Protein chains: 2
Amino acid sequence: MSEPQPTTPVPEQVLDAATRLFAAHGYEGTSLSAIAEEVGIRKPSLLYHYPSKEELREAVLGRLFSHWTEVLPRILQAATTGSSRFEGLVGEVVGFFVADVDRARLLLREMLDRPVELQRQMDGYLAPWLTIIRDYIRTGQESGVVRADVDPDSYIVHVIQMIVGGIATSNVIAVSHPDDDRADLERHVAEIVRIARSSLFIDTEP
Amino acid sequence: MSEPQPTTPVPEQVLDAATRLFAAHGYEGTSLSAIAEEVGIRKPSLLYHYPSKEELREAVLGRLFSHWTEVLPRILQAATTGSSRFEGLVGEVVGFFVADVDRARLLLREMLDRPVELQRQMDGYLAPWLTIIRDYIRTGQESGVVRADVDPDSYIVHVIQMIVGGIATSNVIAVSHPDDDRADLERHVAEIVRIARSSLFIDTEP
DNA sequence: CCTACCGATCGGTAGG
DNA sequence: CCTACCGATCGGTAGG
């Protein structure tokens, strides 16, 4: 009856369960009892670790954002050349959300539920990185490898939107392998990357 | 104390209020009392027109979809040439959601909250139209105006995703005119259309 | 980590 | 279209 040796700490189990349920049913659609039940404890015990539902929400989002700000610097400095930096960056963003589609769903829900608060948080976390990417696109425009009519700020935002939205709703937009979600997701990702690339760079061999 | 002459019928007022509130706070985050209050009636009166919350939801989505299936045939038959048909189609999709951003938010929420049911509905409503567009892209590939590496089914889905997502979350992704939402939205729309076009057609003059 | 309990609010019904 | 009311469930607290 004993559990396997390295037992996950309860607060982390709560965070995992809350992430899954918030992503699937939304914040308002998820009760504390439902989260507690999934962990195997009672609601008051859950409230000992996270003193309110609102603080649990912040903990869930905090983990998502911190993971993100931790991994972003590494990617931006990794690749150096223009097109390989593009591939690396897009690949990493896609990889982050494909590794756990709940990340994309959670972010999309937050955009709908709390636009003002999210925008303020994003400004703090992401603004410096977006500036770097924008300058990188502008440099590409001056050297002639990037299309002149690209609107850098708007382009970045919509490519991210397309990635996050496409992965979050990948179960709705299935198109080829109704029995094989994995292969369908990879096909979608490939087309997303193609759209992002071909709408950014000037065709070298037409 | 009397209301202005052509009073909107109460059931329609309920539908309007429910659309706004479902879009802003989600289905679970909206109470029947809140909808009734916005209309100026009591909850039991609302339940006379729509006998349950679930049936109200279906009515809200039904109106959205019917408006859509009503307008789609017209656009598809309007334009004839390749690139003007593209502009017309994309413009109409964008126009439909820009005219009322709640339409985009409602659809995005439904994708997250009820993926299975929505996919079934979309299959019925939209499948024939998607087939037409897909064949049109394939014809373009054979005649050499459309890029050979486009994955038609996946392309359509992601362009729609980008449009719906971009408009639904336009208040989060503001980038230029924090004081002028309208101008910002138009700028976003222009870049969305550019991304869709340049990733579909082969550049004629490089 | 639990049982027991709180007031508030939920969707929905009775009855007029 | 209303008042009055139903059982169920919500987030959260007391107390151990």
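Quick note on labels: first sequence line is chain A, next is B, and so on, each numbered from 1. Everything quoted here is computed from the prediction, not taken from an experiment.
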Rounded to whole angstrom units, what separation is found between the [atom1] atom of [X] and the [atom2] atom of [N]?
| X | N | atom1 | atom2 | value |
| --- | --- | --- | --- | --- |
| A:Tyr50 | D:dG11 | OH | P | 17 Å |
| A:His49 | D:dG12 | NE2 | P | 16 Å |
| A:Lys53 | D:dT9 | NZ | C1' | 12 Å |
| B:Leu46 | D:dT3 | CG | P | 15 Å |
| B:Tyr48 | C:dT13 | OH | P | 15 Å |
| A:Glu28 | D:dT9 | CD | C1' | 14 Å |
| B:Arg57 | C:dG12 | CZ | P | 12 Å |

Checklist entry - How about B:Phe201 and B:Phe86: are their ring centres within less than 6.0 Å of each other? => result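 Between B:Phe86 and B:Phe201, which both carry aromatic rings, the centre distance is below 6.0 Å.
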
Should [X] and [Y] count as an ion pair when the cut-off is N to O under 4.0 Å?
| X | Y | value |
| --- | --- | --- |
| B:Arg42 | B:Glu37 | no |
| B:Arg63 | B:Asp16 | yes |
| B:Glu110 | B:Arg57 | yes |

Item to check | Residues B:Asp151, A:Arg194; criterion salt bridge (Lys or Arg N to Asp or Glu O under 4.0 Å); working and verdict | outcome: CA-CA 9 Å; B:Asp151 178 337; A:Arg194 192 202 63 77; over 6 Å; no

Checklist entry - If you look at every strand shown and take non-hydrogen atoms under 4.0 Å, does A:Leu47 touch a base, only sugar-phosphate, or nothing? => result base

Checklist entry - Below 4.0 angstrom from OP1 or OP2 of C:dC2, is there any side-chain N or O of A:Ser45? => result yes

Checklist entry - Near DNA chain C, which residues from residues 35-43 of chain A have a heavy atom under 4.0 Å away? => result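 Correct list: A:Ile41, A:Arg42.
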
Next on the checklist: Taking the cut-offs as 6.0 angstrom to the six-membered ring centre and 45 degrees off its axis, would you call B:Arg85 and B:Tyr136 a cation-pi pair?
Outcome noted: yes

Checklist outcome for this item: Among D:dT3, C:dC2, C:dG12, the one nearest any side-chain atom of A:Pro44 is C:dC2

Checklist entry - Considering only C:dC1, D:dG12, D:dC10, which nucleotide approaches the side chain of A:Leu32 most closely? => result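 Selected nucleotide: D:dG12.
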
Item to check | Residues A:Asp100, A:Arg20; criterion salt bridge (Lys or Arg N to Asp or Glu O under 4.0 Å); working and verdict | outcome: CA-CA 10 Å; A:Asp100 184 357; A:Arg20 272 196 304 275; over 6 Å; no

Checklist entry - With both distances kept under 3.5 Å, what pairs with D:dG12, Watson-Crick or G-U wobble? => result C:dC5

